[in-house]
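This report refers to the structure that appears directly beneath it.
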Protein chains: 2
Amino acid sequence: MGLAKTEIFTDQQNQIAIFAKAFGHPARVAILQQLFKMDSCYCGSLVDEIGLAQPTISQHLKELRNLGLVKGNVEGTSVCYCIDKDNWTVMKAVMGDFLDQDLPENEDCC
Amino acid sequence: MGLAKTEIFTDQQNQIAIFAKAFGHPARVAILQQLFKMDSCYCGSLVDEIGLAQPTISQHLKELRNLGLVKGNVEGTSVCYCIDKDNWTVMKAVMGDFLDQDLPENEDCC
DNA sequence: TTGTTTAATTGCAATATTACAATTAATAAT
DNA sequence: ATTATTAATTGTAATATTGCAATTAAACAA
C-alpha cells in the first residue's frame with residue numbers, strides 16, 4: 001500500500017521512526033550540518049552550499065521545521081534558520097535510548 | 001523524480017541517511033528492539049509479536065540484513081535472526097558523530 | 001508605486017516504499 | 001515419497017517521497 005501501519009506500534013517506536021526519517025535524506029543531513037557549522041543560515045545560502053533548487057531546499061527545511069529540529073526567524077526578505085537546541089536535545093535522548101541498547105554478552109545465535 | 005541526488009553529497013552524509021532510513025519505519029524499529037530483547041528470534045516469532053504479514057516482516061528483515069545490522073542463521077526450516085554487534089557499533093559511531101554535534105554557546109539567531 | 005530580492009507554495013512527473021496474497025523453496029517429519 | 005513447516009520471492013496496488021519549473025507572497029528599495 002505504501003502507508004505504514006503506525007497504529008500497531010508504540011508511540012516510542014513511531015517517534016523514533018519519525019525522527020529517523022528526518023535524517024533519511026542526505027540533503028537534510030547536509031542542511032543540519034551546515035546549520036551546526038554556521039550556527040545560523042539563510043535559505044539562499046543553503047541553496048548555494050548544497051546545490052539543490054530553492055524549492056527543494058525550502059521543502060526539506062519545512063519538514064525539519066515541522067519536526068521542530070529547526071526554527072526560522074524572518075529578517076526582512078530573508079529567513080534565518082538555526083537548530084532548535086532544546087528539541088535537538090529531546091531528539092537525541094529518544095534516539096539515544098534506541099541506539100545505545102546493549103545485548104547480554106553471553107548468548108549469540110548467529 | 002523521487003530519487004535522491006546522492007552524488008552531490010559526501011559519503012558520510014549518504015551513509016548517515018542510509019542508516020537513518022533503516023530506522024525510518026516503526027516495524028524495523030520494533031524488529032530491532034525485539035532482537036535486542038530476545039538476543040535472537042525467528043521470523044515467525046517476529047510476525048506474531050509485531051502483527052504484520054510474514055512477507056512484510058521478511059522484507060523488512062532483508063533490508064536490515066542488507067545493511068548488515070542483522071544477521072540470520074538457518075536452523076532447519078527456521079531462520080534465527082540476531083543483531084550484528086560489530087556493525088551495530090559501527091553504525092552507532094557514524095550516527096553518534098552526527099547527533100552529538102554541538103553548537104557554540106554564544107550566538108543564536110532565532 | 002514600481003521594481004527587486006528572498007522564500008514559500010503549487011503542480012506535476014518520476015521513483016521509492018509499504019503491504020500482502022499467492023507462490024515457491026528448502027528442510028524436517030512421517 | 002508425501003506431507004508439514006518455515007521463510008523467501010514474486011507480483012501488484014496504494015501511498016509517499018523527491019525534485020524542480022512556474023508562480024505567488026512578503027518585505028525592502030528606488
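The figures that follow rest on heavy atoms only: side chains count, while hydrogens, waters and symmetry mates do not. Quantities reported herein were computed from a predicted structural model and do not represent experimental measurements. Within every chain, numbering begins at 1; the chains are lettered A, B, ... in the order of the sequence lines, protein sequences first and strands thereafter.
Both A:T6 and A:L61 sit near DNA chain C, but only A:L61 has its closest nucleotide nearer the 5' end. Nearest-nucleotide assignment on DNA chain D puts the 5′-proximal partner with B:G44, out of B:G44 and A:L3. Each of A:A27 and B:V79 was matched to the nucleotide of DNA chain D holding its nearest heavy atom; the match closer to the 5' end belongs to B:V79.
The NZ atom of B:K21 sits 15 Å away from the P atom of C:dT15 (whole-angstrom rounding). Protein atom CD of A:Q59 is 16 Å distant from nucleotide atom P of C:dC12, rounded to whole Å. Regarding B:E75, its CD atom lies at a distance of 11 Å from the P atom of C:dA28, rounded to whole Å. When the C1' atom of C:dA19 is taken as reference, atom CZ of A:F9 falls 11 Å away, rounded to whole Å. Regarding A:E63, its CD atom lies at a distance of 9 Å from the C1' atom of D:dT18, rounded to whole Å. Taking atom OH on B:Y81 and atom C1' on D:dA7, their separation rounds to 7 Å, with Å as the unit. Rounded to whole Å, the distance from NZ on A:K71 to P on C:dA7 is 19 Å. Taking atom OH of B:Y42 as the reference point, atom P of C:dA26 lies 21 Å away to the nearest angstrom.
The environment of A:D11 atom CG is sparse: at most 12 non-hydrogen atoms of other residues, nucleotides or ligands sit within 6.0 angstrom.
Residue A:K5 has a polar side-chain atom (N or O) positioned under 4.0 Å from OP1 or OP2 of C:dC20. The side chain of A:H60 places an N or O atom within less than 4.0 Å of a non-bridging phosphate oxygen (OP1 or OP2) of D:dG19. The phosphate of D:dG19 (OP1 or OP2) has a side-chain N or O of A:H25 nearer than 4.0 angstrom. Residue A:K62 places no side-chain N or O under 4.0 Å from the OP1 or OP2 atom of C:dA7.
When ring centroids are compared, A:W88 and A:F36 come within the 6.0 Å threshold. Separation of the A:F98 and B:F23 ring centroids falls under the 6.0 Å cut-off.
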Point to revise | Candidate pair A:Q13 and A:T10, rule side chain to side chain donor-acceptor pair (under 3.5 Å), full reasoning | key: CA-CA 5 Å; A:Q13 288 163 342; A:T10 65; 3.3 Å; yes

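The shortest distance between side-chain heavy atoms of B:Q33 and A:I16 falls below 4.5 Å.
In the hydrophobic clustering of ILVMFWY residues, with side-chain heavy atoms under 4.5 Å counting as a link, B:Y42 and B:Y81 come out apart.
Qualifying salt bridge (Lys or Arg N to Asp or Glu O under 4.0 Å) partners for A:K5, counting only residues two or more places apart in sequence or in other chains: none.
Contacts between residues 46-58 of chain B and DNA chain C, defined by a heavy-atom separation under 4.0 Å, are made by B:L52, B:A53, B:P55, B:T56.
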